[in-house]
Amino acid sequence: MSHITVERNRRRQMNEHLKVLRTLTPCFYIKRGDQASIIGGVIEFIKELHQVLQALESQKRRKSLSPSPGPSPRTVKPKLVHHDQFDGSNGIGSNSFKELGASCNSSVADVEVKISGSNVILKVISHRIPGQVAKIITVLESLSFEVLHLNISSMEETVLYQFVVKIGLGCQLSLEELAMEVQQSFCSE
């Protein structure tokens with residue numbers, strides 16, 4: 001009998017949690033009332049909130065880096081986010097991936113590059129600049145990368161580009177170099 005009581009209490013508690021989640025989540029995220037739809041909607045809502053948070057943090061960093069307009073990102077040094085001990089082969093195209101991520105931030109844009117399996121995840125947060133996404137794609141293709149997926153999110157004048165790119169066979173670029181190359185695309189006319 002105690003197992004049945006425990007199961008009833010667990011279900012009651014789960015229904016209470018689902019009810020709270022449903023009230024905290026805007027209705028257009030939840031398509032139906034079943035558990036899977038509620039949880040799926042909450043996940044989508046949290047993902048969107050996370051993107052908004054990233055955009056706001058980036059905006060804050062850009063403002064703190066330089067309140068005056070126009071400093072060139074060319075003067076910005078890339079910052080290695082995390083790395084293990086290098087064995088001498090630190091290129092993206094090498095078989096041994098030791099670099100996990102790099103970033104290059106300026107008052108114009110924040111660029112973050114991470115390895116995910118055999119692909120590279122590239123995130124760029126900046127002000128809206130007409131034609132900038134095409135410039136970034138041109139840079140990636142010129143460096144032997146193939147764009148597999150692009151997600152664009154925007155809030156007011158800030159935009160977040162999230163690329164998933166396939167590493168080309170001939171690519172020997174480090175993640176730091178890739179971050180700098182993408183950052184340079186904001187300088188080119």
**Request:** Enter the distance from Asn15:CG to Arg11:CZ here, rounded to the nearest 0.5 Å.
**Result:** 8.5 Å
**Asked** Where do Val159 and Val133 land on the side chain to side chain contact (heavy atoms under 4.5 Å, CB included) test, with the steps shown first?
**Response** CA-CA 10 Å; Val159 65; Val133 71; over 6 Å; no
**Request:** Output, in order, the C-alpha distance, side-chain angles, deciding distance and verdict of side chain to side chain contact (heavy atoms under 4.5 Å, CB included) for Phe163 and Val113.
**Result:** CA-CA 10 Å; Phe163 294 86; Val113 184; over 6 Å; no
**Asked** Atom CD1 of Ile137 and atom CZ of Phe145: how far apart are they, to the nearest 0.5 Å?
**Response** 14.0 Å
**Prompt:** Which heavy atom in Leu24 sits nearest to a heavy atom in Phe45, and how many Å separate them?
**Reply:** O-CE2, 3.8 Å
**Request:** Answer whether the closest heavy-atom distance between the side chains of Leu160 and Asn151 falls below 4.5 Å.
**Result:** no
**Asked** Does Ile121 offer a backbone N or O that forms a donor-acceptor pair with the side chain of Gln162 under 3.5 Å?
**Response** no
**Euclidean distance, Ile38 CD1 relative to Arg32 CZ, rounded to 0.5 Å** = 10.5 Å
**Donor-acceptor under 3.5 Å (Thr138 side chain, Ala134 main chain)** = yes
**Request:** Indicate, with yes or no, if Leu122 and Val164 share a hydrophobic cluster defined by side-chain heavy-atom contacts under 4.5 Å among Ile, Leu, Val, Met, Phe, Trp and Tyr.
**Result:** no
**Item:** Partner residues of His17 under the side chain to side chain contact (heavy atoms under 4.5 Å, CB included) criterion, sequence neighbours left out
**Value:** Gln13
**Prompt:** For the residue pair Gly41 and Ile30, what are the closest heavy atoms and their distance?
**Reply:** CA-CG1, 4.4 Å
**Asked** Same hydrophobic cluster for Val120 and Ile152, using side-chain heavy-atom links shorter than 4.5 Å among ILVMFWY?
**Response** yes
**Prompt:** Minimum heavy-atom separation for Ser185 to Lys135, with atom names?
**Reply:** O-CD, 3.6 Å
**Item:** Shortest non-hydrogen separation from Asn119 to Lys166 and the atoms involved
**Value:** OD1-CA, 3.7 Å
**Prompt:** How long is the gap from CG on Asn9 to CD1 on Ile4, to the nearest 0.5 Å?
**Reply:** 12.0 Å
**Item:** Reported CG-to-CD1 distance for the pair Leu21 and Ile46, which is rounded to 0.5 angstrom
**Value:** 7.5 Å
**Fill in**
Scanning both residues in full, the closest heavy-atom pair of Gln183 with Cys104 reads NE2-O, 2.8 Å
**Message:** Nearest 0.5 angstrom please: Leu175 CG to Ile115 CD1, how far?
**Reply:** 4.5 Å
**Message:** Just by distance, no angles: are the side chains of Gln132 and Ser126 close enough, under 3.5 Å, to form a donor-acceptor pair?
**Reply:** no
**Prompt:** Are Leu18 and Ile39 close enough, and set up right, to give a side chain to side chain contact (heavy atoms under 4.5 Å, CB included), and what steps lead you there?
**Reply:** CA-CA 8 Å; Leu18 287 170; Ile39 291 172; 4.0 Å; yes
**Request:** May I ask you to say whether Lys47 pairs ionically with Glu44, meaning some side-chain N is under 4.0 Å from a carboxylate O?
**Result:** yes
